[in-house]
Amino acid sequence: MNTRDHHKALETFYKYQSWIFRLLALWKLPDTVTPQFRKVHNIYFYYILFFWVLSFDASCFIQFITNITDLNEVIKVFFIFATALAVLSKYSTIKLKNNLYYELVETIHRPMFRPINKREMKLFKESQNLSRTVRNSYCSISLCALHVVLMTQYFVDNTELPLSIYNPINMDQKWRYLLMYLYQYLAVSVCCYMNIAFDSISASFLIHIKGQLDILCDRLENLGSDENNVVDDNKITFKLKNCIKFYEEIVRITSIVENLVSFPITIQIACSVLVLVANFYAMSFLSDPGDYANFIKFLIYQLCMLSQIYILCYFSSEVTFKSQEISYYLYCSKWFEWNKLNRKLTLLMMTRFDLPIRIRSLNPTFTFDLAAFTSIVNSSYSYFALLKRINS
């Protein structure tokens, strides 16, 4: 794969998400832009931050404080408030760390991460296709949840807004109701597209890391197999050293990804527990056959929240599992035919590979994996059962 094809293929991992970042004034501007354009860009960023993100969070917070004694109203607020808080953490993190995004993108374009044979090309294409599938699937379910949550209410009862937030104007006239409806639609759309961009690009980077680990395992397993049954110890030494350098570069880009996702995903997990509890609680009161539309709304939104956490926990877990298998693939090579120096180097490498790669949260003892996802779901249902029992 030449440089141009490699760069074009890598665009799959972040191309469409970067469009959303640019739309929300989050992508790093090149050094060639004029100071006037940079100033306008900063103004546009603060416009989105204050007028859409912070104002929506403030409306939810005011509604929560003013109705704190009404459990049903609090549940309605947390239905969207927790998601809005998670979006705020993602939005601010991306802006503060967009230099790291730029560094990460530049790093994965380096020749070291380029496939060098047909086997590696196949592995690279598989990760590329998986990234595209995850992105499109997550985008579809998120947009479906967005429109179901906001549109259902209008057809069921077009006198009440779809979300329970503070309304500063009196909605005694139709145009005022439509104005607030439009505000909610646009504000939640900003949250939705922010989630789509951040979650899918984070998952894409994890998929790319896992694909690079697949390539590393393939290189280790086939060390010396392409030498026409003639063992060249110097070439083996050179390839072993290149493999350990490759591994260290993978560890480096993993640390960058961890730096980018640890804070917002930790906040996302905490907020998702509140959202899941609120959804479980709201769905438990839908006993009237006329609540079928609301049931569908809560169900799709619940699936969207679960998929949001699952894709990040699953692919983080895949990175960890694959890193644990590297020593096995090195052992599967023809190490017994190598000289003493290369066998010692192989032993040192296996010792280095014994420490798996983990994506950690703000709490270093908590990692993003499938066990964490299971714990989140179990905790959410436990809190719901406790809340249901206390309220009854």
Side-chain angles (χ1 to χ4, degrees), residues 49 52-94 138 141-142 145-146 148-150 153 161-166 184-185 187-199 202 261-285 294 297-313 361-363 366 368 372-373 375-388 391:
L49 176 63
W52 296 109
V53 180
L54 287 179
S55 67
F56 187 75
D57 287 355
S59 299
C60 293
F61 181 73
I62 294 173
Q63 185 74 0
F64 168 72
I65 293 298
T66 55
N67 296 275
I68 197 169
T69 58
D70 186 350
L71 180 59
N72 291 329
E73 190 63 29
V74 169
I75 293 297
K76 290 180 181 180
V77 175
F78 270 110
F79 176 75
I80 195 67
F81 185 30
T83 300
L85 289 176
V87 168
L88 177 60
S89 68
K90 295 175 183 178
Y91 193 77
S92 56
T93 299
I94 295 172
Y138 180 64
I141 191 172
S142 298
L146 169 68
V148 167
V149 168
L150 294 177
Q153 182 62 43
L161 292 172
L163 302 176
S164 180
I165 64 174
Y166 172 72
Q184 289 193 4
Y185 185 87
V188 178
S189 295
V190 170
C191 294
C192 179
Y193 285 111
M194 184 70 258
N195 279 330
I196 291 173
F198 179 87
D199 297 335
S202 300
V261 305
S262 60
F263 175 73
I265 300 304
T266 301
I267 301 298
Q268 175 67 65
I269 287 176
C271 293
S272 294
V273 171
L274 298 176
V275 174
L276 294 176
V277 171
N279 280 355
F280 281 134
Y281 187 83
M283 293 172 69
S284 66
F285 286 95
N294 286 327
K297 177 179 70 174
F298 288 125
L299 178 62
I300 294 178
Y301 189 63
Q302 191 87 316
L303 292 175
C304 180
M305 289 295 101
L306 290 173
S307 64
Q308 185 178 46
I309 311 169
Y310 179 78
I311 60 175
L312 295 171
C313 290
S361 65
L362 290 178
N363 181 3
F366 185 86
F368 299 121
F373 175 77
S375 176
I376 293 167
V377 176
N378 290 338
S379 299
S380 300
Y381 187 80
S382 298
Y383 294 146
F384 154 71
L386 178 62
L387 182 63
K388 182 79 170 176
N391 192 45

Asks: Out of curiosity, Leu163 CG to Ser59 OG, how far, rounded to the nearest 0.5 Å?
Replies: 10.5 Å
Asks: Heavy atoms only: give me the nearest Leu274-Ala82 pair and the separation to one decimal.
Replies: CB-CB, 4.0 Å
Asks: When the ring centroid of Phe64 is compared with that of Phe78, is the distance short of 6.0 Å?
Replies: yes
Asks: Would you check if Val77 and Phe61 make a side-chain contact, meaning some heavy-atom pair closer than 4.5 Å?
Replies: no
Asks: I need the full list of salt bridge (Lys or Arg N to Asp or Glu O under 4.0 Å) pairs touching residues 53-82, with sequence neighbours left out, sorted by first then second residue.
Replies: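 For residues 53-82, and leaving out neighbouring residues, there are no salt bridge (Lys or Arg N to Asp or Glu O under 4.0 Å) pairs at all.
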Asks: How many angstroms lie between CG in Leu150 and NZ in Lys297, if you round to the nearest 0.5 Å?
Replies: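 The CG atom of Leu150 sits 9.0 Å away from the NZ atom of Lys297.
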Asks: With side chains defined as the heavy atoms from C-beta onward, is the minimum distance between Val188 and Phe56 less than 4.5 Å?
Replies: yes
Asks: So, Ser92 side chain and Ser89 main chain: donor-acceptor pair closer than 3.5 Å or not?
Replies: yes
Asks: If I take atom CD1 from residue Ile311 and atom CG from residue Leu306, how far apart are they, to the nearest 0.5 angstrom?
Replies: 12.0 Å
Asks: Please report the closest heavy-atom contact between Ile94 and Phe198, naming both atoms and the distance.
Replies: CD1-CD1, 3.6 Å
Asks: Just checking, any donor-acceptor pair under 3.5 angstrom between side chains of Ser142 and Tyr301?
Replies: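 Short answer, no.
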Asks: Can you tell me if Phe366 has over 12 outside heavy atoms packed within less than 6.0 Å of its CZ?
Replies: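 Yes, because the 6.0 Å sphere around CZ of Phe366 holds more than 12 heavy atoms from other groups.
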Asks: Shortest non-hydrogen contact from Ser361 to Thr266?
Replies: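 Minimum heavy-atom separation between Ser361 and Thr266: CB-OG1, 3.3 Å.
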Asks: What do the steps show when you test Leu312 against Phe373 for side-chain contact (heavy atoms from CB on, under 4.5 Å), and what is the final call?
Replies: CA-CA 9 Å; Leu312 295 171; Phe373 175 77; over 6 Å; no
Asks: Hydrogens and angles aside, do Asp199 and Tyr138 bring a side-chain donor and acceptor to less than 3.5 Å of each other?
Replies: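 Side-chain D/A pair, Asp199 to Tyr138: present.
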Asks: Passes side-chain contact (heavy atoms from CB on, under 4.5 Å), Tyr91 versus Leu49? Steps please.
Replies: CA-CA 8 Å; Tyr91 193 77; Leu49 176 63; 3.9 Å; yes
Asks: Let me see the working for Ile141 and Leu303 under side-chain contact (heavy atoms from CB on, under 4.5 Å), right down to the final yes or no.
Replies: CA-CA 8 Å; Ile141 191 172; Leu303 292 175; 3.9 Å; yes
Asks: If I compare all heavy atoms of Val273 with all of Ser380, which pair ends up nearest, and what's the gap?
Replies: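 Of all heavy-atom pairs spanning Val273 and Ser380, the closest is CA-OG, 3.6 Å.
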Asks: For Cys271 and Ala86, work out which heavy atoms get closest and say how close.
Replies: SG-N, 4.0 Å
Asks: Please round to the nearest 0.5 Å and tell me the distance separating atom OG1 of Thr93 and atom CG of Leu88.
Replies: 8.5 Å
Asks: Just how far is it from atom CG of Asn195 to atom SG of Cys304, taken to the nearest 0.5 Å?
Replies: 7.5 Å
Asks: Would you compute the distance between atom CE of Met305 and atom CD1 of Ile300 and round it to the nearest 0.5 angstrom?
Replies: 12.5 Å
Asks: Using 30° and 60° as the class limits, which term best fits the ring planes of Tyr381 and Phe280: parallel, tilted or perpendicular?
Replies: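 Perpendicular: the ring planes of Tyr381 and Phe280 meet at over 60°.
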Asks: What's the verdict on side-chain contact (heavy atoms from CB on, under 4.5 Å) for Ser272 and Gln308, showing C-alpha distance, side-chain angles and the deciding distance?
Replies: CA-CA 9 Å; Ser272 294; Gln308 185 178 46; 4.2 Å; yes
Asks: For residues Gln302 and Val275, report the shortest heavy-atom separation together with the two atoms involved.
Replies: OE1-O, 4.3 Å
